[in-house]
2 protein chains.
Amino acid sequence: MSSRPTIKEVSKIAGVSFKTVSRVLNNEKHVSEETRRRVEEVVAQLNFRPSHAARTLAGRRSFQVALLYDNPSPYYVFHIQAGALERCHELGYRLLMQPLESGSRDLVPDVLALVDEAHLDGLILSPPLTEMPELIEALDKRKLPYVRIAPGLRKDHGLATTMDDVAAAREITRHLIDLGHRAIAFLRGPESHVSSADRLAGYRQELEAHGIPFDPALVIAGDYSFHSGGAAARVLFAREPRPTAIFAGNDDMAAGALAAAHEADIAVPEALSIAGFDDSDLARAVWPPLTTIRQPVRELAYAAADLMLAGTAITPQVMLDHELKVRATTGPAPKA
Amino acid sequence: MSSRPTIKEVSKIAGVSFKTVSRVLNNEKHVSEETRRRVEEVVAQLNFRPSHAARTLAGRRSFQVALLYDNPSPYYVFHIQAGALERCHELGYRLLMQPLESGSRDLVPDVLALVDEAHLDGLILSPPLTEMPELIEALDKRKLPYVRIAPGLRKDHGLATTMDDVAAAREITRHLIDLGHRAIAFLRGPESHVSSADRLAGYRQELEAHGIPFDPALVIAGDYSFHSGGAAARVLFAREPRPTAIFAGNDDMAAGALAAAHEADIAVPEALSIAGFDDSDLARAVWPPLTTIRQPVRELAYAAADLMLAGTAITPQVMLDHELKVRATTGPAPKA
DNA sequence: TATTCGTCTGGCAGCGCTGTCCAAAATCAG
DNA sequence: CTGATTTTGGACAGCGCTGCCAGACGAATA
């Protein structure tokens, strides 16, 4: 391994003390323009990169944060990572990826261990880790900065980026109602994901706003998986009369329901409308393409990193817009 | 931030020198059982975690490696990460995720900068970064350990984990031929992904092994995207006679072709068979479920990390098994 | 018994930076 | 022109560990 240059070598060549080089690297003041330029030249020429480990050890900050997640969806994780990574990179921070098991007994100690080991400057939490009270408390007690992405509980606590799940669910429900549907089923996600309860609430509110009574029998529990969507749909298909529309709490379950409909030879959207939530890759890959809500996953993560590291926003909670994507799985309700 | 304990505090409480604590932490020998136990007790009790930064700075190794990728597929990236992360974690290494742009002029300098900054002990490369000659050369020159996952070029160079793309493509082609198909189209991926050329070679070999002449007109170039699969399929649909089967170089393109078939009202698999490659999430989410090759993505990454860090395998190149997954998009060729 | 060896332990330098304090030079005020 | 202030740059300690060396001790060998 060809030995990398150090700050001292840079300083020697530039003809200044190594402390001055440090000042230039950290963009501190009290360095003349002329000196700064000279140092920067040498840095570029030597291709010098300060040792992250040394900065961490010597300084108060590590310029490292971690993204904690426990989500089985590649789509979701990929985009959360991409958004957070982008903002961290722009701000000169390194982002550590930390998949976790939210059910684990050791969740809190494990996170704290990571924080200590890596001297973390902060933490980005994504659902469902946003809802773990012990974790939140531990971080608060430690006074460790953190942001939550799309928290379901205690939405006004600390830093958070969110979207309006209730309003989005109302929109998609209204879309279905406007198409003439009255018997609309809702496929909810796991309890641990509070977003799913919000979506249920929006569904219910919109129904009632249109004078359609809420029927608990039309709400089927799933776990956000493709498989559970299919299972739930088959339960509904056995009912008489069959609901004319299904609103699934996420795209995976909607795709599962859609596949089940194909299997049962139920025409979509002619005989059955299906709507999802997320606008994941799946939404465009299935046939017909799925009507869904575009959730700004990547942007939520970008904004979260920004909120924690740059603190650009005035309010501790930022809400981003969603968008109803009407595609081809929803259509007019069939004539009874 | 409550100040974390240091190795010195541990040593004071345990009544040994801090050097001895260091020995225990690093599992070095020349520590009596008794002493070791005592130190470990104190470590557990204080919840002590050694500072990664300090170990990196003081020692020869950083226990950090990076995973480099430039792949738009959430599915692929997620599983590559998961596999590599798992093995790294088991071996006490930290894994940094580094998305890159393989087209970038600064690719090599950027990677080298990361290596320096983070004192990386090694690098895991995934396609298409496995095929960048400048990168490989730079790493070789630096004598930096690295593994390539599924390299297409120079497969016998250095450490690598692979699967047999040629054989897999032959299998799936044979499956199609066995079903009576003769006019089989192949949707190839982008040039940068050499795997796609291997799959084409396998397709061609198997065709010729069965006495079916290879027809270049049946090979359509795509870019591994859903969209390009649809576009390619539409080109084929305009042909007379239409091919009876399509073998797509990956699942995304297969899904695109499938959607195009639905759109053109071509029954799958009755009038057209479609096969993919990867066995990604999509393969089971589309309708009908896709016949494809299961690519052991996660295992490839796991083995790659193992190869580089533990060096368990005897050979520098490890090949893992694929599996033909016959599902519902392939069926007997229609009677002419 | 004298000598070598292996096992266990501690001392100390130093990894490459940042934080703090201090000195010299440049600028300003009176 | 002197003294006070600001700007600029250097000296030095020390962050929390690991690497290397040396010393103490008991066991094995000559």
Side-chain angles (χ1 to χ4, degrees), chain A residues 1 3-40 42-43 46-64 92 94 113 115-121, chain B residues 1 3-40 42-43 46-64 92 94 113 115-121:
Chain A
M1 255 166 283
S3 64
R4 357 166 349 194
T6 74
I7 200 175
K8 295 204 178 179
E9 293 164 45
V10 173
S11 69
K12 208 167 292 171
I13 297 181
V16 294
S17 84
F18 78 100
K19 176 66 229 198
T20 300
V21 176
S22 169
R23 286 202 183 88
V24 172
L25 292 175
N26 291 285
N27 248 305
E28 288 170 26
K29 43 189 178 179
H30 303 315
V31 181
S32 68
E33 258 321 301
E34 143 98 54
T35 310
R36 186 179 297 275
R37 196 161 23 237
R38 192 146 35 93
V39 170
E40 275 167 354
V42 178
V43 165
L46 286 190
N47 229 292
F48 166 77
R49 296 284 161 162
S51 154
H52 195 110
R55 307 181 80 175
T56 299
L57 193 55
R60 274 190 225 311
R61 301 195 297 165
S62 70
F63 295 95
Q64 279 189 142
R94 188 186 283 166
V115 169
D116 280 347
E117 246 182 60
H119 304 250
L120 294 184
D121 289 343
Chain B
M1 256 165 280
S3 63
R4 354 166 352 193
T6 74
I7 200 175
K8 295 205 177 179
E9 292 165 45
V10 173
S11 70
K12 209 167 292 172
I13 297 181
V16 293
S17 82
F18 80 99
K19 176 67 232 197
T20 299
V21 177
S22 168
R23 283 200 184 89
V24 173
L25 292 174
N26 291 285
N27 248 306
E28 288 170 26
K29 43 189 179 180
H30 304 314
V31 180
S32 71
E33 259 321 300
E34 142 100 52
T35 310
R36 186 179 296 275
R37 195 160 27 237
R38 193 145 36 93
V39 169
E40 276 166 354
V42 177
V43 164
L46 288 190
N47 227 292
F48 167 77
R49 297 284 160 162
S51 155
H52 195 109
R55 306 182 79 175
T56 299
L57 193 55
R60 275 193 224 310
R61 301 196 295 166
S62 70
F63 296 95
Q64 279 190 140
R94 189 185 283 166
V115 169
D116 280 347
E117 245 183 62
H119 303 250
L120 294 184
D121 289 344

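Values below: all heavy atoms of this structure, side chains included; hydrogens, waters and symmetry mates excluded. Letters go in sequence order (proteins before strands), and every chain restarts at 1.
Taking atom CG of residue D121(B) and atom P of nucleotide dT18(D), one finds them 14 Å apart after rounding to whole Å. Summarising the geometry, the separation between NZ on K12(A) and P on dG9(D) is reported as 19 Å, rounded to the nearest angstrom. Per the geometry, NE2 belonging to H119(B) stands 14 Å off C1' belonging to dT18(D), to the nearest Å. Residue F63(B) contributes atom CZ, which lies 19 Å from atom P of dG16(D) at whole-angstrom precision. Note: NZ (K19(A)) to P (dC17(C)) measures 12 Å, nearest angstrom. One can place CD of E28(A) at 13 Å from C1' of dT8(D), the figure rounded to the nearest angstrom. Atom CZ of F18(B) and atom C1' of dC12(C) are 8 Å apart (whole Å).
Within residues 47-62 of chain A, the residues approached by DNA chain D to less than 4.0 Å at the level of any non-hydrogen atom are L57(A), A58(A), in residue-number order.
Without hydrogens or angle criteria, T56(B) side chain to A53(A) main chain gives no donor-acceptor distance under 3.5 Å. Checking side-chain atoms of R4(A) against main-chain N and O of D116(B) turns up a donor-acceptor pair under 3.5 Å. In this structure, the side chain of R23(B) does not engage the main chain of E28(B) through any donor-acceptor pair within 3.5 Å.
Environment of NZ in K19(A): crowded, with over 12 heavy atoms of neighbouring residues, nucleotides or ligands closer than 6.0 Å.
Contact between the side-chain N/O atoms of S22(A) and the OP1/OP2 oxygens of dT18(C) is found at a separation under 4.0 Å.
From Q64(B), atom CD reaches atom CZ of R94(B) across 5.0 Å, with rounding to the nearest 0.5 Å.
For the pairing with V31(B), the side chain to side chain contact (heavy atoms under 4.5 Å, CB included) check across V16(B), V24(B), V21(B) returns one residue only, V24(B).
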**Request:** Might you work through the side-chain contact (heavy atoms from CB on, under 4.5 Å) test for N26(A) and R55(A), ending with a clear yes or no?
**Result:** CA-CA 10 Å; N26(A) 291 285; R55(A) 307 181 80 175; 2.6 Å; yes

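Taking 4.5 Å as the limit, every side-chain heavy atom of K12(A) sits out of range of all side-chain heavy atoms of E9(A). By the 4.5 Å heavy-atom criterion applied to side chains, F48(A) and I7(A) are counted as neighbours.
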Atom pairs under 3.5 Å, N or O on each side, protein against nucleotides 5-9 of chain C: can you list them with distances?
{"residue": "dT9(C)", "atom": "OP1", "partner": "S32(B)", "partner atom": "OG", "Å": "3.3"}
{"residue": "dT9(C)", "atom": "OP1", "partner": "T35(B)", "partner atom": "OG1", "Å": "2.6"}
{"residue": "dT9(C)", "atom": "OP2", "partner": "S32(B)", "partner atom": "N", "Å": "2.9"}
{"residue": "dT9(C)", "atom": "O4", "partner": "R23(B)", "partner atom": "NH2", "Å": "3.3"}

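A residue-by-residue look at K8(A) and G15(B) shows that G15(B) has its nearest nucleotide of DNA chain C further toward the 5' end.
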